[in-house]
Amino acid sequence: MKRSLFLLVFAVLLVVAPLLFIHHSDFGGTDDQAEKTIQVIAPHYQPWMETIFEPPGGEVETLLFSVQAAVGAGIIGYIIGVYKGRENRREESK
């Protein structure tokens with residue numbers, strides 16, 4: 001119980017600390033940063049491949065990213081639950 005409380009407080013600190021110390025931040029994607037860097041290094045570079053799917057707008061792109069994050073969090077939560085359940089069954093059988 002004490003360990004779970006410590007982990008919960010640590011997780012909350014990990015979420016809250018960046019919000020307290022980073023002000024006026026612009027969280028851009030790595031794609032945009034890579035494109036800007038390429039334009040600086042080689043201004044005449046032409047991409048040799050087009051994307052397969054281009055979302056119709058920024059909101060749809062954000063929605064898809066959020067769904068991806070939610071599915072990933074669900075999978076991680078499921079795996080943690082499976083291991084926790086196995087541990088509980090092991091302790092009960094002793």
Side-chain angles (χ1 to χ4, degrees):
M1 180 68 181
K2 189 175 182 180
R3 183 175 158 198
S4 297
L5 182 63
F6 172 74
L7 289 175
L8 179 65
V9 169
F10 184 68
V12 169
L13 283 175
L14 282 177
V15 171
V16 173
L19 298 174
L20 294 175
F21 297 111
I22 300 173
H23 299 286
H24 308 293
S25 60
D26 183 24
F27 296 106
T30 56
D31 294 343
D32 294 335
Q33 291 177 356
E35 186 176 335
K36 288 176 185 174
T37 303
I38 289 171
Q39 290 298 323
V40 169
I41 294 171
H44 302 294
Y45 176 78
Q46 292 293 325
W48 55 274
M49 185 176 174
E50 294 293 325
T51 58
I52 296 172
F53 174 70
E54 186 76 28
E59 289 82 13
V60 175
E61 188 174 342
T62 302
L63 172 70
L64 292 174
F65 185 76
S66 301
V67 168
Q68 178 185 2
V71 169
I75 290 171
I76 290 171
Y78 175 77
I79 292 171
I80 290 172
V82 166
Y83 281 106
K84 184 69 176 169
R86 285 180 186 172
E87 182 180 323
N88 287 346
R89 273 187 260 134
R90 215 176 284 143
E91 288 179 8
E92 288 175 2
S93 66
K94 288 182 182 178

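One is the number of the first residue; the rest follow in order along the sequence. In this text, all values refer to a predicted model and were calculated from it rather than measured experimentally.
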When you look at Asn88 and Lys84, which way does the side chain to side chain contact (heavy atoms under 4.5 Å, CB included) test go after all the steps? CA-CA 6 Å; Asn88 287 346; Lys84 184 69 176 169; 4.1 Å; yes
Trp48-Ile52 co-clustered via ILVMFWY side chain contacts under 4.5 Å: no
Would you verify whether the NZ or CZ of Arg3 falls within 45 degrees of the ring axis of Phe6 while also being under 6.0 Å from that six-membered ring's centre? no
Run the side chain to side chain donor-acceptor pair (under 3.5 Å) test against Ser4 and tell me which residues pass, sequence neighbours left out. none
Are Ile76 and Leu7 linked, directly or through intermediate hydrophobic residues, by side-chain heavy-atom contacts shorter than 4.5 Å (ILVMFWY only)? no
Spell out, yes or no, whether Ile38 and Met49 are grouped together once hydrophobic residues are joined by side-chain heavy atoms under 4.5 Å, including indirect joins. yes
Can you tell me how far the CG atom of Leu64 sits from the CD atom of Gln68, to the nearest 0.5 Å? 8.5 Å
With a 4.5 Å cut-off on side-chain heavy-atom distances among I, L, V, M, F, W and Y, is there a chain of contacts connecting Val71 to Leu63? yes
Give a yes or no on whether Val12 and Leu20 share a hydrophobic cluster (residues Ile, Leu, Val, Met, Phe, Trp, Tyr; joining criterion: side-chain heavy atoms under 4.5 Å apart). yes
When rounded to the nearest 0.5 Å, the distance separating CD of Gln39 from NE2 of His44 is 9.5 Å
What distance separates Glu92 CD from Arg89 CZ, expressed to the nearest 0.5 Å? 9.0 Å
Separation between CG of Leu13 and CG of Leu8, rounded to the nearest 0.5 Å: 10.0 Å
Please check if the number of heavy atoms outside Tyr45 that lie under 6.0 Å from its OH is greater than 12. yes
Should we say atom CD of Glu35 is surrounded by more than 12 heavy atoms from elsewhere, each under 6.0 Å from it? no
